[in-house]
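Structure, as structure tokens:
Per chain, numbering begins at 1; letters A, B, ... match sequence-line order.
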There are 2 protein chains.
Amino acid sequence: MNTKYQGFESPGVTVDLVLFTVNEDRLKVMLVRRAETPFQGIWSLPGGFLLENESLDSAAQRVLHEKTGVSEVYMEQLYTFGDPQRDPRSRVITVAYIALIPWQSLPQPESEKIADLNWSSVDALPKLAFDHKQILEYAVTRLRAKVSYSNIVYGLMPKQFRLSELQRMYETIIDDSLDKRNFRKRMLATGLLKETGKKDLAGAHRPAMLYQFKSKEIVFF
Amino acid sequence: MNTKYQGFESPGVTVDLVLFTVNEDRLKVMLVRRAETPFQGIWSLPGGFLLENESLDSAAQRVLHEKTGVSEVYMEQLYTFGDPQRDPRSRVITVAYIALIPWQSLPQPESEKIADLNWSSVDALPKLAFDHKQILEYAVTRLRAKVSYSNIVYGLMPKQFRLSELQRMYETIIDDSLDKRNFRKRMLATGLLKETGKKDLAGAHRPAMLYQFKSKEIVFF
DNA sequence: GATACTTAGTGTTCATATTACACTTAGTAT
DNA sequence: ATACTAAGTGTAATATGAACACTAAGTATC
């Protein structure tokens, strides 16, 4: 028992991940079906207990890797939730993270995992365990806000893309439509994009220039 | 020992407070001198361990009340710091909060406490314990950013004030000067202020209209 | 009681940024 | 050859933000 705690136990500390992607023009979030009680069989955000000698960021990275096999995605701390009743068994506080991953970067899940992993559209969520609905709503709010004053969508785009795909990404996240010419002007004016020189020849129409972000940095504008 | 922790101890959880005020045209932060090891005698942010059945917000409120005797100030969660080495004794993660209090609302500290409580100007800080310098810098960055797109200064102003006082508050926090006419136009345009009808007759000059915020709400613009 | 002093209070012009809006281009499919 | 689809482009109107200087209403002083 920790000497700083007299007469009560030190709270457990977990890290929970709100892992976003966009697919089929929907903003989606990864859910895992809980194998154990409490909330057995109920969908929840992927998470896990903080390990010894592990920073919060590392723990979030570890959880990400365990569930997806992927590393190196955009990630930021969201908020820490610590209501005494949020876990029915014992006191647990959780540090929530937002992570973004392009759909194209996701490996196909192994068949054994398929049943208890799910990408759920954020506007059609199942019942969630603990306070995960609240966490998720907070994450969506933050993501939507941040999209409009940063290039955070970088984390959701493939390496190369058409400007129309970038625009659709914005529209999907903020759930609103944007003017094509104004969108292009603003995006190119940020100076964060560069032409690749390649063109996307797919489809029965004029081919589009492919762009990429000049750097991995997320900047505010 | 928590059953979820196999072979290692659950980390301690503390709440630390970055309590801001403005006095003598300086942005100041409350520091307390540590009575115990580690960092005995070194200045630190006021904080304390999270208690059983206490939410994070309540813990922050409690710490505030313990150190100042004040409740009901503006407060928001800042960030959670969890580097494994941040406490030299044992694993402790801390949830940092920002709090704002008008200088006028502070009770005079009792003489016995004076020696180990200090309002330090943020641009002339002493050496700080733990990672508190990092926490404080992060808090200052957040406060400065938030000032420019919200009415968060509400938390630092007395009930009634002259527009010139409000302007000086902004200038002190962002450490830059503002144009008087543009400032007044913008402030009044937010619709968040109302004239009280009273005038401040102090001083050998034309008396100023006293204003107050219409509501306690912090809104973004 | 005239003059000096101090802060309050007020509008306009200019530059920049944002919005609204429609047609031509370049490819594929039939 | 024609139809179809998405790519790509510019301008005018409006709104926003920035720069800027004088008059007003008190008190203090002589």
With side chains defined as the heavy atoms from C-beta onward, is the minimum distance between A:P207 and A:D200 less than 4.5 Å?
no

Rounded to the nearest Å, what distance is computed from the CZ atom of residue A:F183 to the C1' atom of nucleotide C:dT19?
16 Å

Identify all side-chain donor-acceptor contacts of residues 139-150 of chain B below 3.5 Å with residues at least two apart in sequence or on another chain.
unit_1: B:T141; atom_1: OG1; unit_2: B:E137; atom_2: O; d: 2.9
unit_1: B:R142; atom_1: NE; unit_2: B:E76; atom_2: OE2; d: 3.1
unit_1: B:R142; atom_1: NH1; unit_2: B:L78; atom_2: O; d: 3.2
unit_1: B:R142; atom_1: NH2; unit_2: B:Q77; atom_2: O; d: 2.8
unit_1: B:R142; atom_1: NH2; unit_2: B:L78; atom_2: O; d: 3.3
unit_1: B:R144; atom_1: NE; unit_2: B:I173; atom_2: O; d: 2.7
unit_1: B:K146; atom_1: NZ; unit_2: B:E76; atom_2: OE1; d: 2.9
unit_1: B:K146; atom_1: NZ; unit_2: B:E76; atom_2: OE2; d: 3.1
unit_1: B:S148; atom_1: OG; unit_2: B:A145; atom_2: O; d: 2.7
unit_1: B:S150; atom_1: OG; unit_2: B:K146; atom_2: O; d: 2.8
unit_1: B:S150; atom_1: OG; unit_2: B:I152; atom_2: N; d: 3.1

Does any donor atom in the side chain of B:S55 or A:D83 lie under 3.5 Å from an acceptor atom in the other side chain?
no

Just the rounded figure in Å: distance from P of D:dA18 to CG of B:L178.
10 Å

Which letter, B, S or -, goes with each nucleotide of nucleotides 19-29 of chain D from 5' to 3', with contact meaning a protein heavy atom under 4.0 Å?
BBB--BBBSS-

For the rings on A:Y170 and A:F183, is their centre-to-centre separation under 6.0 Å?
yes

Under a 4.0 Å heavy-atom cut-off, which of residues 161-174 of chain A touch DNA chain D?
A:R162, A:S164

Throw together a table of side-chain donor-acceptor distances under 3.5 angstrom for residues 175-182 of chain A, partners on residues two or more places apart or in other chains.
unit_1: A:D179; atom_1: OD2; unit_2: A:R181; atom_2: N; d: 3.2
unit_1: A:D179; atom_1: OD2; unit_2: A:N182; atom_2: N; d: 2.8
unit_1: A:D179; atom_1: OD2; unit_2: A:N182; atom_2: ND2; d: 3.3
unit_1: A:N182; atom_1: OD1; unit_2: A:K185; atom_2: NZ; d: 3.3

Is any side-chain heavy atom of B:Y79 closer than 4.5 Å to one of A:V95?
no

Show me the side-chain donor-acceptor pairs of residues 210-220 of chain A shorter than 3.5 Å, one per line, residues at least two apart or across chains.
unit_1: A:K214; atom_1: NZ; unit_2: A:G191; atom_2: O; d: 3.0
unit_1: A:S215; atom_1: OG; unit_2: A:E217; atom_2: N; d: 2.9

Counting only pairs under 3.5 Å, give me each side-chain donor-acceptor contact of residues 120-130 of chain B, with atom names and distances, residues two or more places apart or in other chains.
unit_1: B:S120; atom_1: OG; unit_2: B:A124; atom_2: O; d: 3.4
unit_1: B:S121; atom_1: OG; unit_2: B:D123; atom_2: OD1; d: 2.8

In whole angstroms, the gap separating C1' of C:dA26 from CG of A:D200 amounts to 14 Å

Using whole Å, what does the distance between atom P of nucleotide C:dA8 and atom CG of B:L188 come to?
14 Å

Expressed in angstrom and rounded to an integer, what is the separation of B:L210 atom CG from C:dG9 atom C1'?
14 Å

From CZ of B:R184 over to P of C:dA8, roughly how many Å is that when rounded to an integer?
7 Å

